[in-house]
Protein chains: 2
Amino acid sequence: MSARKDDIWLDARQQQAWRAYIMGTTLLLDRLDRELRQAWDISLIEYEILVRLSEQPDGSLRMALLADALCHSRSRITHTIARMESTGLVERTAAEGDRRGVMAVMTERGRELLVNAAPTHVAGVREHLVGLATKADFLVVGRVFDKVCDQLMQGHDDATDIR
Amino acid sequence: MSARKDDIWLDARQQQAWRAYIMGTTLLLDRLDRELRQAWDISLIEYEILVRLSEQPDGSLRMALLADALCHSRSRITHTIARMESTGLVERTAAEGDRRGVMAVMTERGRELLVNAAPTHVAGVREHLVGLATKADFLVVGRVFDKVCDQLMQGHDDATDIR
DNA sequence: ACCTAGAAGTTGAAGTTTCAACGAGAGAGA
DNA sequence: TCTCTCTCGTTGAAACTTCAACTTCTAGGT
């Protein structure tokens with residue numbers, strides 16, 4: 001109940017680091033999203049979905065796995081895939097062996113768009129983040145956020161689930 | 001046109017770090033937002049606005065400065081402050097000396113809420129991020145994102161501005 | 001076979017952010 | 001003073017996400 005202040009609050013440097021992280025992330029994600037939209041008329045989320053699909057041998061993935069891979073709610077994936085289907089980047093097919101299941105499949109057009117958009121995206125990531133840090137420092141960032149993922153992954157579910 | 005692959009793409013470890021950062025950030029911001037909403041019925045954005053206001057001697061800040069401090073669009077600030085005004089956390093007053101200007105002022109109720117919510121928020125930041133890394137590693141994160149801010153800050157404007 | 005708990009995915013409404021356009025005032029220069 | 005350009009902040013619609021409810025199907029027990 002009466003923990004000392006420095007057990008509760010962040011010190012000045014930690015607080016500064018936290019703010020830099022929040023602001024930097026806000027600016028970075030905003031920028032990467034805009035760059036993709038302007039160059040290829042696709043959002044960062046849609047781009048990331050295409051990346052995951054492209055990593056599968058058949059270019060397809062169950063909706064739930066897509067949601068887990070991106071840490072998005074299932075509802076969000078449903079809506080986003082619906083939009084992408086309407087622009088011809090993916091299609092929906094039934095999953096074999098589970099009649100509840102739906103597979104999102106990348107179309108040829110989706111694959112072409114990804115091939116085009118990938119250099120734009122990677123250049124942005126390099127220019128606005130990776131290229132600004134030493135290799136070692138960037139790997140530290142990766143290490144820290146690996147732990148964040150581990151800590152927060154269990155217990156992350158769709159909003160419909162109990163908590 | 002024919003740059004070597006490793007001039008364009010990230011290597012495996014960099015890519016892994018990038019994904020950890022994206023996923024970790026998604027999970028982290030989602031979690032911090034939920035914790036504040038559940039405990040105090042306030043979003044992370046609203047919380048951050050209250051923090052900035054509380055740092056001013058008179059608890060008020062021009063809309064534009066608020067937008068800049070949070071790296072949000074002016075439109076977003078307008079909408080968010082409107083919601084906060086309707087729940088009694090802030091009020092709007094005219095800025096002196098510039099009849100275009102609007103000040104967002106923290107109410108007493110806003111200040112009380114912030115005092116209550118701050119421990120929740122800081123505990124979350126500690127538990128899900130700061131406490132998972134060594135002090136040195138976390139400062140590296142801050143250093144990296146400081147550079148990201150510097151690089152992206154100039155040229156960050158409201159969506160209405162030319163680009 | 002039957003029942004039940006839970007998972008998969010969708011739906012539509014509510015909430016939030018972005019986008020483009022706008023009105024009003026400030027400020028510099030002729 | 002007049003005018004031109006720019007900034008401030010807002011507006012309402014479109015785009016996107018969250019939320020809660022729902023249907024369908026699976027899987028495990030009896």
Side-chain angles (χ1 to χ4, degrees), chain A residues 26-27 29-38 41-49 60-87 90 92-104 156-163, chain B residues 26 29-31 33-34 36-38 41-49 60-68 70-87 90-105 156-163:
Chain A
T26 301
L27 289 166
L29 296 183
D30 190 66
R31 176 68 79 99
L32 294 175
D33 189 68
R34 280 175 203 283
E35 287 177 350
L36 280 175
R37 282 182 197 275
Q38 290 183 3
D41 201 27
I42 193 186
S43 72
L44 182 56
I45 309 299
E46 291 172 326
Y47 174 84
E48 284 180 331
I49 286 178
S60 77
L61 218 39
R62 284 281 290 257
M63 297 295 275
L65 292 180
L66 213 38
D68 291 347
L70 298 172
C71 297
H72 290 168
S73 71
R74 295 182 184 204
S75 175
R76 185 175 180 180
I77 293 294
T78 294
H79 286 300
T80 305
I81 290 291
R83 287 189 294 267
M84 294 176 77
E85 197 172 19
S86 79
T87 56
V90 299
R92 265 186 259 236
T93 66
E96 301 181 41
D98 184 344
R99 275 185 292 181
R100 295 169 305 181
V102 173
M103 309 289 290
H156 179 261
D157 289 310
D158 188 87
T160 59
D161 298 338
I162 51 99
R163 165 149 319 220
Chain B
T26 301
L29 297 183
D30 191 65
R31 176 67 81 98
D33 189 67
R34 279 174 203 284
L36 281 176
R37 282 182 198 275
Q38 291 182 3
D41 201 27
I42 192 185
S43 71
L44 182 54
I45 309 298
E46 291 172 326
Y47 173 84
E48 285 180 329
I49 286 178
S60 77
L61 218 39
R62 283 281 290 256
M63 298 295 275
L65 292 180
L66 212 38
D68 291 346
L70 298 172
C71 298
H72 291 170
S73 71
R74 294 179 184 202
S75 175
R76 186 176 180 179
I77 293 295
T78 293
H79 287 300
T80 304
I81 289 291
R83 287 189 294 268
M84 293 175 78
E85 196 171 21
S86 79
T87 56
V90 300
E91 284 171 358
R92 265 186 260 236
T93 65
E96 301 181 42
D98 184 344
R99 275 186 292 179
R100 296 168 304 180
V102 174
M103 309 289 290
V105 198
H156 180 262
D157 289 312
D158 188 85
T160 57
D161 297 340
I162 53 99
R163 166 149 320 222

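All values reported here derive from a predicted model rather than from experimental measurement. We use all heavy atoms of the structure for the numbers below, so side chains are in, but hydrogens, waters and symmetry mates are not.
- One can place CD of A:E85 at 13 Å from C1' of C:dG9, the figure rounded to the nearest angstrom.
- Atom CZ of B:R74 and atom P of D:dC6 are 15 Å apart (whole Å).
- The residue among B:M63 and A:G97 whose nearest nucleotide of DNA chain D lies closer to the 5′ end is B:M63.
- Nearest heavy-atom pair across B:V102 and B:A95 is N-CB, 4.1 Å.
- Evaluation of atom-type donor-acceptor distances gives a pair under 3.5 Å for the side chain of B:S75 against the base of D:dT11.
- Here the side chain of B:T80 pairs no donor or acceptor atom with the backbone of B:I77 at under 3.5 angstrom.
- Nucleic acid contact for A:S43: none, since no nucleic acid atom lies under 4.0 Å from a heavy atom of the residue.
- Per the geometry, CD belonging to A:E46 stands 11 Å off C1' belonging to D:dA15, to the nearest Å.
- Atom CZ of A:R34 and atom P of D:dA15 are 16 Å apart (whole Å).
- Going from atom CG of A:D98 over to atom P of C:dG6 covers 18 Å, rounded to whole Å.
- In terms of phosphate contacts, A:R100 brings no side-chain nitrogen or oxygen within less than 4.0 Å of OP1 or OP2 of D:dT24.
- Here the P atom of nucleotide C:dT18 and the CD atom of A:Q38 are 14 Å apart, to the nearest Å.
- For C:dG25, neither phosphate oxygen OP1 nor OP2 lies less than 4.0 angstrom from any side-chain nitrogen or oxygen of B:R99.
- The number of heavy-atom neighbours closer than 6.0 Å to CD of B:E91, taken from other residues, nucleotides and ligands shown, is 12 or below.
- Among all heavy-atom pairs drawn from B:A94 and B:M103, the shortest one is O-CG, 4.0 Å.
- OP1 or OP2 of C:dT10 has at least one side-chain nitrogen or oxygen of A:R92 nearer than 4.0 Å.
- Phosphate contact (OP1/OP2 of C:dG15, side-chain N/O of B:R76, threshold under 4.0 Å): absent.
- The separation between B:L66 atom CG and D:dC8 atom C1' is 14 Å, rounded to whole Å.
- When the shell of 6.0 Å around CG of A:D98 is examined, it contains more than 12 heavy atoms from other residues, nucleotides or ligands.
- Between A:R83 and D:dT17, a side-chain N or O to OP1/OP2 separation shorter than 4.0 Å is present.
- The base of C:dT18 sits with one of its N or O atoms less than 3.5 Å from a complementary donor or acceptor on the side chain of B:H79.
- Side chain of A:R37, nearest nucleotide from D:dT17, C:dT17, C:dC19: C:dC19.
- The distance from atom CD1 of B:I81 to atom C1' of D:dG9 is 12 Å, rounded to the nearest whole Å.
- Across all strands shown, B:I77 has no heavy atoms under 4.0 Å from either base or sugar-phosphate atoms.
- Between A:L65 and A:D33, the one whose closest nucleotide on DNA chain C sits nearer the 5' end is A:L65.
- Taking every heavy atom of both residues into account, A:M63 and A:T78 meet most closely at CE-CA, 3.8 Å.
- Residue B:S73 places no side-chain N or O under 4.0 Å from the OP1 or OP2 atom of C:dT17.
- Between B:L36 and B:S43, the shortest heavy-atom contact is CD1-O, 4.2 Å.
- The minimum heavy-atom distance linking B:L44 with B:D33 is given by the pair N-OD1, 2.9 Å.
- The shortest distance between the side-chain N/O atoms of A:R62 and the OP1/OP2 oxygens of C:dA7 is not below 4.0 Å.
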Which string of ( ) [ ] | and . matches DNA chain C, if you list each base 5' to 3' and count Watson-Crick or G-U pairs only when both distances are under 3.5 Å?
||||||||||||||||||||||||||||||

